[in-house]
Amino acid sequence: MNRDKRGLPSKENAVLLLNRGKKGLVQIAFGRTGIVILLLALQVLVLYAIFFRLLGRNTVLLYTGGSAIASIMALAVVNNHHQNPSIKLTWVVLILAVPIFAIPLYFFVNMEMGHRLAHHRHEEIKAKTAPLSKQDQTALSQLPGGSQELASYMWDQGDFPVCRNTAATYYPLGDDVFQELLDQLEKAEHFIFLEYFIIEEGYMWGRILRILEQKVQEGVEVRVLYDGTCAVALLPYSYPKQLEAIGIRCKMFAPLRPLVSTHYNNRDHRKILVIDGKVAFTGGINLADEYINRKVRYGHWKDNAILIRGEAVRSFTLMFLQMWNTECWKLEDCAPYLKVFPAEGQGLYIPYGSCPYDSERLAEMVYMDLINRARRYVHIMTPYLVIDNEMATALTFAAKRGVDVSLILPHIPDKKYMFALAKTYYPQLLEAGVRIFEYTPGFVHSKLLVSDGCRAVVGTINFDYRSLYLHFECGVYMEDAPAVNQVEQDFLDTLTKCQEATLAQWKSRSLGSRLTGYVLRLFAPLL
């Protein structure tokens with residue numbers, strides 16, 4: 001088969017690649033995405049036009065009654081024990097500042113049926129697949145006391161078992177893991193499952209796609225699940241059909257449609273690749289060229305990934321199948337894909353995921369448990385720092401009791417507003433003794449936490465509201481595994497390429513920059 005320089009199929013075989021997928025501003029504005037956005041905007045305008053039509057004739061009554069209603073609503077929000085205090089503050093500010101806009105929005109967000117239907121479907125799948133997970137009591141008993149309690153919590157709240165007979169290899173850069181990923185795909189004999197937040201056409205996806213097409217021809221089952229936001233600017237809306245045409249089963253999670261819904265706020269931010277149930281990959285990298293530094297966007301892109309072999313792969317397979325079935329009318333039989341292939345390895349592993357539809361902040365609780373149990377050090381790498389009061393308290397308390405708490409953040413941000421927002425947390429953390437470093441060569445996209453040389457988490461979970469509250473995420477918790485030392489070595493190596501942030505530097509920032517951050521802080525849970 002003839003192929004171009006990127007390794008993509010030639011035109012005669014390019015049913016799947018009719019379009020480059022990247023959309024320019026003109027294509028977005030006048031294509032399907034532009035139409036969908038326009039229809040969504042029109043729906044919002046119509047809803048508010050009706051609202052103003054009903055109440056606009058009585059201006060004095062409107063503002064007097066509005067103030068009273070806003071005060072009552074603010075009290076109701078403050079006393080809602082299901083919401084985080086930071087999120088409550090954002091709602092109270094909005095309700096008191098612009099009640100005519102914020103009150104209907106609050107009711108819509110909390111009553112919106114699309115979100116409730118998605119929640120119901122997810123709970124149904126979780127209940128039906130729960131019997132497929134089994135807790136290895138011997139593995140659980142091998143964990144030390146505090147870790148055993150954390151593992152019990154993860155099992156009780158998410159059906160995520162402790163796994164042994166597992167081995168892991170940690171990769172400190174997307175560049176490092178790419179060839180291994182290709183090699184493992186070449187070995188596939190039965191199935192390949194890919195679930196990624198971002199897929200973008202280019203060198204990386206082209207190389208992967210060539211193998212996937214080859215494997216389909218060999219009779220391997222291939223499924224691709226990616227987040228629906230890719231259809232805004234990265235891939236054609238018809239891309240799933242293009243992949244289906246060459247035998248790859250494909251779905252978009254929560255694609256943007258011309259119907260106003262809070263469901264769009266919950267994205268599939270996971271990165272999972274499972275091959276034959278024998279190996280699994282997760283970590284920070286998506287399937288686009290900047291993640292392997294084939295394309296420069298924000299300086300050097302510092303990312304990571306981890307390869308899992310053995311029993312723990314089963315949990316990643318099940319997580320993928322649960323997500324795949326969220327948009328199916330009938331739950332398929334998952335059992336045939338869940339065969340266990342033990343591997344020789346040390347340590348214990350708990351692959352886990354988090355879901356925005358329940359009230360359990362599992363991903364945040366795992367992070368906080370590791371911070372609270374640390375005795376010598378907690379080392380964290382994250383692209384974003386937008387944390388709630390509980391997380392800030394955990395970090396500062398750990399530093400005050402003598403734990404080395406160090407964070408590595410980007411020096412060149414991908415989103416300037418997130419960078420300004422992150423810096424608003426610097427004074428509180430620095431004054432307590434937390435050390436903050438910025439990666440001077442470019443942008444950090446790795447998400448990891450390692451503590452005391454014996455525990456670590458690698459996955460997709462950022463230290464921000466979106467990851468901890470609004471997105472589907474995944475990661476792997478490791479205890480006394482060799483990969484823990486690999487994660488710590490990556491942190492130390494990255495530290496040599498960083499500059500340390502100080503209070504003096506923060507105070508020298510312009511007034512405008514600080515004010516921007518403070519204003520954004522009010523709306524942090526929405527960003």
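Since the model is a prediction, treat every value here as computed from it, not as a measurement.
- No donor-acceptor pair under 3.5 Å is formed between the side chain of Ser451 and the backbone N or O of Val378.
- A donor-acceptor pair shorter than 3.5 Å can be found between the side chains of Gln489 and Asp493.
- Distance check: Leu234 CG to Thr229 OG1 gives 7.5 Å after rounding to the nearest 0.5 Å.
- When the side-chain contact (heavy atoms from CB on, under 4.5 Å) test is applied to Glu488, the partners found at least two apart in sequence or on another chain are Tyr377, His379, Val450, Phe491, Leu492.
- Contact record, Cys250 with Pro240: SG-CA, 3.7 Å, taken as the closest heavy-atom pair.
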Phe472 vs Phe253, ring pair (Phe, Tyr, Trp, His ring centres under 6.0 Å): CA-CA, chis, key distance, verdict: CA-CA 11 Å; Phe472 289 90; Phe253 176 80; 5.4 Å; yes
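- If you check the side chains of Gln322 and Thr326, you find no donor sitting under 3.5 Å from an acceptor.
- There is a side-chain donor-acceptor pair under 3.5 Å between Glu473 and Thr460.
- Under a 4.0 Å N-O distance rule, the pair Lys251/Asp227 does not qualify as a salt bridge.
- In this structure a side-chain-to-backbone donor-acceptor pair under 3.5 Å is present from Asn372 to Met368.
- In this structure the side chain of Leu194 never reaches within 4.5 angstrom of the side chain of Ile199, judged on heavy atoms.
- With contacts defined as side-chain heavy-atom distances shorter than 4.5 Å, the pair Tyr352/Asp159 does not qualify.
- A donor-acceptor pair shorter than 3.5 Å can be found between the side chains of Asp388 and Tyr469.
- A salt bridge links Glu221 to Arg249: one of the charged nitrogens lies within less than 4.0 Å of a carboxylate oxygen.
- Looking at His471, its side chain never comes within 3.5 Å of a backbone N or O of Asn266 through a donor-acceptor pair.
- Between Phe160 and Met319 the shortest side-chain heavy-atom distance falls below 4.5 Å.
- The shortest heavy-atom contact between Gly345 and Ala167 is CA-CB, 4.3 Å.
- Taking 4.5 Å as the limit, some side-chain heavy atom of Glu290 sits within range of a side-chain heavy atom of Glu200.
- In this structure, Phe463 has its ring center under 6.0 Å from that of Tyr367.
- At a threshold of 4.5 Å between non-hydrogen side-chain atoms, the residues Leu430 and Ile436 count as touching.
- In this structure, the ring of Phe281 has its center no less than 6.0 angstrom from the ring center of Tyr171.
- Side chain of Ser238 to backbone of Lys241: no donor-acceptor contact under 3.5 angstrom is found.
- At least one test fails for Lys271 against the ring of Tyr196: distance under 6.0 Å to the centre or angle within 45° of the axis.
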Can you list the steps and then say if Leu150 with Trp155 is a side-chain contact (heavy atoms from CB on, under 4.5 Å)? CA-CA 9 Å; Leu150 174 63; Trp155 173 250; over 6 Å; no
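- Partners of Glu218 by salt bridge (Lys or Arg N to Asp or Glu O under 4.0 Å), not counting sequence neighbours, listed by chain and number: Lys215.
- Remark: the His190 side chain and the Tyr337 side chain contain no N/O donor-acceptor pair separated by less than 3.5 Å.
- The backbone N or O of Lys497 sits less than 3.5 Å from a side-chain atom of Thr440, completing a donor-acceptor pair.
- Sequence neighbours left out, the pairs with a member in residues 164-180 that pass salt bridge (charged side-chain N to carboxylate O under 4.0 Å, His left out) are Asp136-Arg164, Glu180-Arg309.
- By the 4.5 Å heavy-atom criterion applied to side chains, Thr282 and Phe316 are counted as neighbours.
- Between the side chains of Asp183 and Gln179, at least one donor N or O sits under 3.5 Å from an acceptor N or O.
- In this structure, Asp289 contributes its side chain and Met204 its backbone to a donor-acceptor pair below 3.5 Å.
- For the side chain to side chain donor-acceptor pair (under 3.5 Å) test with Asp414, the passing option among Tyr298, Trp301, Tyr384 is Tyr384; the others fail.
- The shortest heavy-atom contact between Leu449 and Ile371 is CD1-CG1, 4.0 Å.
- Taking both residues in full, the closest heavy atoms of Tyr349 and Gln346 are given as OH-O, 3.4 Å, listed atom of the first, atom of the second, then distance.
- Side-chain contact annotation: Ser147 with Glu479, donor-acceptor N/O pair under 3.5 Å present.
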Can you check side chain to side chain donor-acceptor pair (under 3.5 Å) on Glu360 and Tyr153, steps first, answer last? CA-CA 11 Å; Glu360 192 60 43; Tyr153 161 78; 2.6 Å; yes
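- Nearest approach of Val405 to Ala399, heavy atoms of both residues: CG2-N, 3.7 Å.
- Put simply, the side chain of Asp276 gets close to the backbone of Glu189: a donor and an acceptor are under 3.5 Å apart.
- Among all heavy-atom pairs drawn from Asn293 and His300, the shortest one is ND2-NE2, 3.5 Å.
- Phe197 and His269 have their aromatic ring centers within a separation under 6.0 angstrom.
- Within the 3.5 Å criterion, the main-chain N or O of Ala374 finds no donor-acceptor partner in the side chain of Arg455.
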Please step through side-chain contact (heavy atoms from CB on, under 4.5 Å) for the pair Leu429 and Leu395, ending with a clear verdict. CA-CA 7 Å; Leu429 298 177; Leu395 290 169; 4.2 Å; yes
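- By the side-chain contact (heavy atoms from CB on, under 4.5 Å) test, Thr393 pairs with Asn389, sequence neighbours left out.
- By the 4.5 Å heavy-atom criterion applied to side chains, Met478 and Val458 are counted as neighbours.
- For CZ of Phe341, the number of neighbouring non-hydrogen atoms (other residues, nucleotides, ligands) closer than 6.0 Å is greater than 12.
- Applying the salt bridge (charged side-chain N to carboxylate O under 4.0 Å, His left out) definition to pairs two or more places apart or across chains, those involving residues 431-448 are Lys423-Glu438, Arg435-Glu500.
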Go through the steps to decide whether Leu495 and Ile408 satisfy the test side-chain contact (heavy atoms from CB on, under 4.5 Å), and finish with yes or no. CA-CA 7 Å; Leu495 204 60; Ile408 294 179; 3.9 Å; yes
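- The backbone N or O of Ala420 sits nowhere less than 3.5 Å from a side-chain atom of Thr424 that would complete a donor-acceptor pair.
- Both the sub-6.0 Å distance and the 45° axial angle are not jointly satisfied by Arg270 relative to the ring of Phe193.
- Under the salt bridge (charged side-chain N to carboxylate O under 4.0 Å, His left out) criterion, the residue pairs touching residues 368-380 are Asp369-Arg373, with sequence neighbours excluded.
- The closest side-chain donor-acceptor pair between Thr166 and Glu311, if any, does not fall under 3.5 angstrom.
- Counting heavy atoms from C-beta on, the side chains of Leu173 and Asp303 never come closer than 4.5 Å.
- Judged purely by atom type and a 3.5 angstrom limit, Glu195 has no side-chain atom pairing as donor or acceptor with the backbone of Leu225.
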Walk me through whether Leu448 and Asn304 qualify under side-chain contact (heavy atoms from CB on, under 4.5 Å). CA-CA 9 Å; Leu448 65 85; Asn304 68 352; 3.8 Å; yes
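- Atom OG in Ser467 sits 14.0 Å away from atom CZ in Arg361 (nearest 0.5 Å).
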